[in-house]
Amino acid sequence: LGLLLLGFAAGAPLLPKLAEAGRADVASATTPMVLLMAASVVVMPLALPLFVKGVQVNAWQIAAPLVVLMLAPLALGMAARSLVPRLGARLLPVLSNASDVGFVAVVLLVCGTNLTALAGVLGSGAIGAALLFVVLLFAGAWALGEPNPAGRRLLAYATAGRNVGA
């Protein structure tokens, strides 16, 4: 069931960060991230009741965090860049560093607050299965990807990235 949920939850919000770390085009990573998030909002409420008996999924419960935490800041940033282009250039290094620190903080806080749940999963094979799932997605996208190395990396990151929050 867990892998099924991960399979439906495409469009990792951290795709631009993965692209940056993997030397792929960060701007190009934004488009598949937004499209895959939108697809998750549509697919999950339709598909999950078919596979999980008795579950009801509200599309807005999936969409609301994505809109507030991803799309609204993206739209604000795009508007600010078009209205005041020099401000964006000056703020980029500061916001990039803040984003890195925030990412590490969120990972540590999520792991720390869910330590007992994570400890309960140890030994069940769930973590290994999830890691294998992501590695196979990455390898499949890499093998079937375009010849351009930057595009291939971006496709592999976008395919392997899972929107766990959805």
Side-chain angles (χ1 to χ4, degrees), residues 1-24 26 29-77 92-143 153-166:
L1 177 62
L3 291 179
L4 183 66
L5 291 174
L6 280 178
F8 288 137
L14 69 135
L15 183 56
K17 265 302 173 202
L18 289 173
E20 180 184 25
R23 297 180 317 268
V26 176
T30 305
T31 302
M33 177 192 70
V34 171
L35 292 173
L36 289 168
M37 285 188 324
S40 290
V41 170
V42 172
V43 168
M44 288 184 81
L46 296 174
L48 284 179
L50 297 174
F51 292 95
V52 182
K53 193 173 185 92
V55 72
Q56 292 180 339
V57 182
N58 182 341
W60 181 245
Q61 289 176 325
I62 296 170
L66 298 176
V67 168
V68 172
L69 298 174
M70 296 300 302
L71 298 180
L74 179 63
L76 287 172
L92 180 63
V94 174
L95 293 177
S96 181
N97 288 337
S99 173
D100 292 343
V101 170
F103 176 71
V104 170
V106 165
V107 168
L108 292 175
L109 287 170
V110 167
C111 290
T113 56
N114 294 297
L115 207 50
T116 55
L118 288 172
V121 175
L122 289 178
S124 71
I127 293 174
L131 288 173
L132 179 63
F133 181 67
V134 170
V135 167
L136 289 174
L137 287 171
F138 186 91
W142 185 271
R153 275 193 303 270
L154 181 57
L155 178 65
Y157 293 143
T159 303
R162 302 288 90 199
N163 188 349
V164 177

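Atoms considered below: every heavy atom in the structure, side chains included; atoms not considered: hydrogens, waters and symmetry mates.
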If I take atom [atom1] from residue [X] and atom [atom2] from residue [Y], how far apart are they, to the nearest 0.5 angstrom?
X: Thr31; Y: Leu15; atom1: OG1; atom2: CG; answer: 10.0 Å
X: Leu132; Y: Leu136; atom1: CG; atom2: CG; answer: 4.5 Å
X: Leu71; Y: Leu76; atom1: CG; atom2: CG; answer: 11.0 Å
X: Phe138; Y: Phe133; atom1: CZ; atom2: CZ; answer: 15.0 Å

Minimum heavy-atom separation for [X] to [Y], with atom names?
X: Pro16; Y: Ala29; result: CA-CB, 4.0 Å
X: Lys17; Y: Ser96; result: NZ-O, 3.8 Å
X: Ala126; Y: Val121; result: CB-CG1, 3.6 Å

| said: Within the 4.5 Å heavy-atom criterion, are Arg153 and Leu18 side-chain neighbours or not? | reply: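 No, too far: nothing below the 4.5 Å cut-off.
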